[in-house]
Visitor: 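Mind looking over this structure? Questions follow.
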2 protein chains.
Amino acid sequence: MKPVGVELVVMTVLEGALEALLVRRSGNQWSLPAGTPAPEVPLQEAAAAVLARQTGITGIGLEQLYSFDRDGARRVAVAYLALIDAGRHALEPGSEVVEVRWFPLDDLPALPAEHAEALEYGRGRLRAKTAYAPVAVQVLPETFTLGDLQAVYEAVLGARLDTRNFRRDVLGAGVVEEAGMERRSGPGRPARLYRSVPGEEFAVVARERRIAGRVRPPG
Amino acid sequence: MKPVGVELVVMTVLEGALEALLVRRSGNQWSLPAGTPAPEVPLQEAAAAVLARQTGITGIGLEQLYSFDRDGARRVAVAYLALIDAGRHALEPGSEVVEVRWFPLDDLPALPAEHAEALEYGRGRLRAKTAYAPVAVQVLPETFTLGDLQAVYEAVLGARLDTRNFRRDVLGAGVVEEAGMERRSGPGRPARLYRSVPGEEFAVVARERRIAGRVRPPG
DNA sequence: TCAAAAGTGTTTCTCTTACACCCATGT
DNA sequence: ACATGGGTGTAAGAGAAACACTTTTGA
């Protein structure tokens, strides 16, 4: 009987860059939040529970990423993926861990090789998904500007997008609607606030109109 | 310790329609080939072994499909997907099963709900993959005509494709090459035979040029 | 010579991309 | 008044889709 474990690839966007959530159980070894679910509890619930227990984060949408079965490992690790708004979730290390932190993907601490692999896999999935699903709204507060949204897309894709094309595509896709308010912050014209259209936040269906087209290298 | 099992969604194309491989262990209950791997064997190998043991099919490429964790189930089922050429694999029910058969997807016997779900999921994956990966060559003998290939695409996509566009796209993608022979069967002009370009059979990378474009309803 | 299947180019249109300026505000 | 970020339209090009006839064979 080969047993199953869960691990969590949780990402956010901070200062225009993707960051991943890691925990430290003891010593200097960082890792993904991970645990071993009991047989009677559904796997996704178990994953959510592990996340809550170890990091304090609750109430987020998890998506199954991949089931890793590293050679030599005696157990299978089912990885779940989430993209969330760090600002809405305070980090509270649970009793099993001594520290919880966001790390920029390009400045990670030493990780078990399998966890680094899962992170990389998760980033690839996000990138792929970004082209056809409005995943980015998950990383933003309830209302946001199109500039915010574009910044998230750019962070996830690792590429710069054209503002006018981006707006045309996002608005054309019908996944956001105007909130009827403005936000002003320092100099510059106030930005209109939008919110995601109810029921469209987690839509995974391919859309007639892609939100982000073919990506070109930064520059 | 929640245990893990494997199950196999194996499909082929017969007479222009997708068919799935099912086994009957006893009585009238059909199901997907499935089993419980030992801890020390890698999951994908275990899945291949289950398939070989129960159906006699060996040496095919398996792709992880999804890990199902049906509510109430005490175990996780990692499903693997394959699309193969039925003509190249004789079916031999192993000792664990009494019968192995291909069933058209639109004429399936009664199945456990979870297995029907996995089949449906597999069909969706195939459809999605068809748009950017040359999966279809897996279902054909070593040499085949472009007409054969188009028929496979049409079966997987459940849609009719334009012959000229299809040929242009397939040849442009560079995944097949002429075998330098012809095949004649009954009346009609003989068809050139092609084979898949070595190394491209299992290429999963997105291609610049898609093989099958946006799909329109049959008619 | 007829029926049956294979093979072949071009045109149209849609979608993607590239691109530059004015607007509203804070300091 | 100037610096800062927000917001807008259009033209050119590439890719996808639509479309009909000729070729080669078996019967």
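Chain letters run A, B, ... following the sequence lines, proteins first, then strands; residues in each count from 1.
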Visitor: To the nearest angstrom, how far is D169(A) atom CG from dT14(C) atom P?
Guide: 17 Å
Visitor: Provide, to the nearest angstrom, the distance between the CG atom belonging to L149(A) and the P atom belonging to dG7(D).
Guide: 12 Å
Visitor: Answer with yes or no whether R168(B) presents, from its side chain, a donor or acceptor under 3.5 Å of a partner atom in the base of dA17(D).
Guide: yes
Visitor: Rounded to whole angstroms, how far apart are CG on N165(B) and P on dT14(C)?
Guide: 16 Å
Visitor: Report the C-alpha distance between Q150(A) and T163(A) in whole Å, list the side-chain angles of each, state the deciding distance to 0.1 Å, and finish with yes or no for side-chain contact (heavy atoms from CB on, under 4.5 Å).
Guide: CA-CA 8 Å; Q150(A) 183 176 344; T163(A) 303; 3.7 Å; yes
Visitor: Any carboxylate oxygen within less than 4.0 angstrom of a Lys/Arg side-chain nitrogen, looking at R184(A) and E182(A)?
Guide: yes
Visitor: Among the nucleotides dG7(C), dA3(D), dG6(D), which one has an atom lying closest to any side-chain atom of P187(A)?
Guide: dA3(D)
Visitor: Among dT8(C), dA6(C), dT25(C), which nucleotide has an atom closest to any side-chain atom of R189(B)?
Guide: dA6(C)
Visitor: Of all the nucleotides listed (dT8(C), dA17(D), dT25(D)), which has the minimum atom distance to the side chain of P190(B)?
Guide: dT25(D)
Visitor: Counting side-chain heavy atoms from C-beta on, which of dC19(C), dA17(D), dT25(D) comes nearest to R184(B)?
Guide: dT25(D)
Visitor: Can we say E63(A) and K129(A) salt-bridge, meaning some charged N sits less than 4.0 Å from an Asp/Glu carboxylate O?
Guide: yes
Visitor: Using the closest heavy atom to pick a nucleotide of DNA chain D for each, name whichever of Y194(A) or G186(B) lands nearer the 5' end.
Guide: Y194(A)
Visitor: Just how far, in rounded Å, is C1' of dA18(C) from CG of L161(A)?
Guide: 14 Å
Visitor: Within this structure, what is the CZ-to-P distance between R183(B) and dG7(C), rounded to whole angstrom?
Guide: 10 Å
Visitor: Over how many whole Å does the gap from F144(A) atom CZ to dG6(D) atom P extend?
Guide: 14 Å
Visitor: If you check the R192(B) side chain, which of dG7(C), dA24(C), dG26(C) turns out closest?
Guide: dG7(C)
Visitor: So R25(B) and V98(B), do their side chains get closer than 4.5 Å, heavy atoms only?
Guide: no
Visitor: Separation of E182(A) atom CD from dG7(D) atom C1', in whole Å?
Guide: 11 Å
Visitor: Any base atoms under 4.0 Å from R164(A), or only sugar-phosphate, or nothing? Heavy atoms, all strands.
Guide: base
Visitor: Using whole Å, report how far CG of L171(A) lies from C1' of dG9(D).
Guide: 14 Å
Visitor: Could R183(A) and D148(A) be called an ion pair, given the rule that one side-chain N must be under 4.0 Å from one carboxylate O?
Guide: yes
Visitor: So what does R167(B) touch, heavy atoms closer than 4.0 Å: a base, only the sugar-phosphate, or nothing?
Guide: base
